[in-house]
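Structure first, commentary second.
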Amino acid sequence: MRKMLIASLVAAVLAGSPGGLFAAEGKHPEDRDWPQEGIFGTFDKAALQRGFQVYKEVCAACHSVRYLRFRDLLGIGLDEETIKAVAGEYTVIDGPDDSGEMFERPAKPFDVFPSPFPNPQAARAANGGALPVDLSLIVKAREGGEDYLYSLLVGYTDPPADEEGLPGAYYNPYFPGGWIAMPPPLSEDMIEYADGTPATVEQMAADVTQFLSWLAEPELEERKRVGLKFMLFVLVMTGIFYAYKRKVWARLH
Amino acid sequence: MSTELQQPPFKSGVLRWIDERLPVLTWAYNELVVYPAPKNLNYWWNFGSLAGIILVVQIVTGVILVMSYTPHADLAFDSVEGYIMRDVNWGWLIRYLHANGASMFFALVYIHMFRGLYYGSYKKPRELLWILGVIILLLMMATAFMGYVLPWGNMSYWAATVITNLFSAIPLVGEPLVTWLWGGFTVANPTLQRFFSLHYLLPFVIFAVVFLHILALHQFGSNNPLGIDLSKKDKIPFHPYYTVKDVFGLCVFLLVYGYFVFYAPTAFISPTNFIPADPLQTPTHIVPEWYFLPFYAILRAITFDFLWIVPAKLGGVIAMFAAIGVLFFVPWLDTSKVRSARFRPIYKWFFWLLVIDVLVLGWAGANPPEGWYLVAAQLGTLYYFAHFLVIMPVLGKIERPLPLPTSLSDPVLRGTRSQTAN
């Protein structure tokens, strides 16, 4: 009887969830396994480096990463020489110099990765009014995190027949509302991976997702390492104090 | 009751010299070492000391965060996400300890309060002890709310907008009051800066009230699972018995806290708060932190004008504050002569119904106020007030409690379940 009561309660709860929610919140993303998940999960450095290449050659055309300094790329396994070389490909504006003039110079490892647009207005003007968001925190800033980002990148399809299109927007069921201003960014073999991995859409989406996951939580590996030491230490202390507590309290019995 | 002070057994002449002039050592010795505590406290009595410890953790981590945080609308988000989380040594650890510490603090305090409700710890002569606790809860809520605004994410911004707007429901003075609170005509930099100032101040006020809370506690000593007044022979010195038990409890708590800090640090943070504050971009669902959800549900449950004179919005605000306000009167609303629910066969069930009711309210508060969610919130609100205003007073009169033991060591009258003591 009690079981039936609970079952009918659960059914009532499920029936109560409004059906309109689905359309507004977007299709539920595919649940994928990521190497950085779980208590012992760490980043796949090779995937991070490939993902950085995808960002640099594709996403960076429109999206900034204002929390990424070139030197941070040590975290994805690039060495200092490579980082200097990567930074040297970009110019940044510095100054004012002794005569009060701003000047251009090659970027150095301590510089922030240059933004593709000088300001949000310029970014909107170049993108039909839509603002390409900064990607530094994107994985933490979206419900579903990595799964959502990956599903969005590979999820562009033709709209259902009954969907009315929006001018200047593309259909993507994972995007809340279904219509996104970003054109499908990835296409097969659009880049050539330095490590020779075939550049399929799925591969590039997975790689850039992992890179952006690292960028959102660069402390992840250190956090889990410290966490493991902390948890083991406290676990031992818990055992010791439990035994000690029993010993002290035994005097009362 | 602390009647006669015991002298600490000093070996050092220096300490004795200090203590004669400034008797803090005698005080600490009596309150923390020889303080007589009931022999039969169970693990639910661990949560008070844990809450005190997490308060200290919050103050220490908060003071460290302030060294790197910038309280300005243009800089706050970057100073947290771009600087503390990335460039400050161990900044991520301090920030996650602090952010998750707030959730832990509320979880501990809520358990601590339900413990008090179950064992009747608010009853004579501990009414003021309970009331000081409710004051601490109110201060915690104000502090947590203002702290949540400081990272200046988009949920920070809109939470600040929604909650401060509540005051606009007050007749006549509402609108000017809100403008005064904001320091402008919208939530903006002046709001952030005053919230920062108060967020730094209030924890020290909480600390002071906690001190009074402990002072009131030690006047009559802790209540106990039997809810009866215990004689001297049923009490044991706080140290070493409860110090070691509290340290063991602290270790278990640290495992839970550590799990969140190190393995699920953003579990309690809405993804929307990793988007910088944007006055032009309203989040689809504005949802507060989990510890406010039951009260948020009550706020939004009042969707109708009350008696044609109280508009729905004002009604909701009144109901929400009344939900906490009613707690102040609990010592007098409960008319039962018996403290502990162990000896109250009917109240015991209503206690658990209240727990379920608060959970249902929390669930309703997490969802939009429509359809079944709204119905659940409204029924939950009705039941919440019925529990305190109807069930508690009536039950105390009509319930027949089980026979009480006269002491812990009294074998004749001891109930079967009170044997945990020995």
Side-chain angles (χ1 to χ4, degrees), chain A residues 12-18 20-21 24-25 38-39 41 66-69 72 112 133-134 136-145 148 176 215-220 222-231 233-249 251-253, chain B residues 39 77-78 81-83 85-87 90-93 95-96 153-154 236 239-266 269-276 281 284-285 360 363 367-368 370-376 421-422:
Chain A
V13 165
L14 291 178
S17 53
L21 229 59
E25 305 212 328
I39 286 176
R66 64 204 174 99
Y67 293 150
L68 179 67
R69 290 194 170 83
D72 298 333
V112 171
V133 292
D134 186 271
S136 303
L137 295 169
I138 198 73
V139 170
K140 280 202 287 189
R142 291 292 180 274
E143 205 75 59
Y148 167 75
L215 185 56
E217 297 192 300
E219 87 294 348
L220 178 138
E222 188 190 16
R223 169 156 58 75
K224 289 181 184 175
R225 254 197 323 271
V226 176
L228 192 65
K229 285 184 198 157
F230 175 87
M231 296 298 263
F233 174 75
V234 177
L235 209 59
V236 171
M237 296 308 279
T238 309
I240 290 174
F241 275 98
Y242 181 66
Y244 187 45
K245 187 249 163 195
R246 287 188 59 124
K247 184 165 168 272
V248 168
W249 280 72
R251 293 179 214 161
L252 289 175
H253 294 273
Chain B
K39 219 184 208 176
F77 189 87
D78 285 348
E81 284 299 333
Y83 184 54
M85 289 297 293
R86 287 160 201 267
D87 290 345
W90 300 101
W92 60 266
L93 177 62
R95 194 267 177 121
Y96 280 152
N154 210 26
I236 49 178
H239 180 75
Y241 297 104
Y242 285 108
T243 41
V244 68
K245 194 176 177 183
D246 280 348
V247 172
F248 168 62
L250 175 64
C251 288
V252 175
F253 165 70
L254 285 179
L255 290 174
V256 178
Y257 188 23
Y259 170 76
F260 282 108
V261 168
F262 294 109
Y263 298 106
T266 57
I269 306 177
S270 160
T272 306
N273 231 27
F274 293 110
I275 301 169
Q281 192 190 342
T284 3
H285 302 303
V360 168
W363 166 78
N367 286 292
E370 57 199 27
W372 285 104
Y373 301 126
L374 180 61
V375 175
N422 284 15

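Quantities reported herein were computed from a predicted structural model and do not represent experimental measurements. Order of the sequence lines sets the chain letters (A, B, ...), proteins ahead of strands, with each chain counted from 1. Because only heavy atoms are used, hydrogens play no part in the values below, and waters and symmetry mates are left out as well, while side chains stay in.
- Of the two parts of A:Arg66, only the side chain, counted from C-beta on, holds a non-hydrogen atom closer than 4.5 Å to a non-hydrogen atom of chain B.
- More than 12 non-hydrogen atoms from other residues, nucleotides or ligands lie less than 6.0 angstrom from CD of A:Glu222.
- Among A:Arg223, A:Glu217, A:Lys224, the residue making the largest number of heavy-atom pairs under 4.5 Å with chain B is A:Arg223.
- Ring geometry, A:Trp249 versus B:Tyr241: the interplanar angle exceeds 60°, so the pair is classed perpendicular (tilted spans 30 to 60°).
- Residues A:Met231 and B:Tyr263 have side chains in contact (heavy-atom distance under 4.5 Å, counting atoms from C-beta outward).
- The parts of A:Val226 that come within reach of chain B are both its backbone and its side chain, each placing non-hydrogen atoms under 4.5 angstrom from that chain.
- Interface remark: B:Val375 contributes no atoms to any contact with chain A (heavy atom separation under 4.5 Å).
- Heavy atoms of B:Ile269 lying under 4.5 Å from chain A are absent altogether.
- Both the backbone and the side chain of B:Leu255 come within contact range of chain A, with heavy atoms under 4.5 Å apart.
- Heavy atoms of A:Ile240 lying under 4.5 Å from chain B are absent altogether.
- When heavy atoms are compared at a cutoff of 4.5 Å, B:Tyr259 approaches chain A by way of both its backbone and its side chain.
- Taken to the nearest 0.5 Å, the CD1 atom of A:Ile138 stands 7.0 Å off from the CD1 atom of B:Ile275.
- The contact between A:Leu215 and chain B is made by backbone and side chain atoms together, counting heavy-atom distances below 4.5 Å.
- A distance of 12.5 Å separates CD1 of A:Ile39 from CZ of B:Phe262, quoted to the nearest 0.5 Å.
- A:Phe241 approaches B:Cys251 most closely through the heavy-atom pair CD1-SG, 4.3 Å.
- Distance check, rounded to the nearest 0.5 Å: CZ of B:Arg86 to CZ of A:Arg69 gives 10.0 Å.
- Heavy atoms closer than 4.5 Å to chain B are found in the side chain of A:Phe230, but not in its backbone.
- Annotation: the span from B:Tyr96 atom OH to A:Glu219 atom CD amounts to 5.0 Å, rounded to 0.5 Å.
- Heavy atoms only, all atoms of each residue included: A:Leu137 and B:Phe274 are closest at CD1-O, 3.6 Å.
- Here the NZ-OG1 distance, from A:Lys140 to B:Thr272, works out to 13.5 Å after rounding to the nearest 0.5 Å.
- Taking NZ from B:Lys245 and OH from A:Tyr244, the interatomic distance works out to 16.0 Å, rounded to the nearest 0.5 Å.
- For B:Asn154, no part lies near chain A; criterion is any non-hydrogen pair under 4.5 Å.
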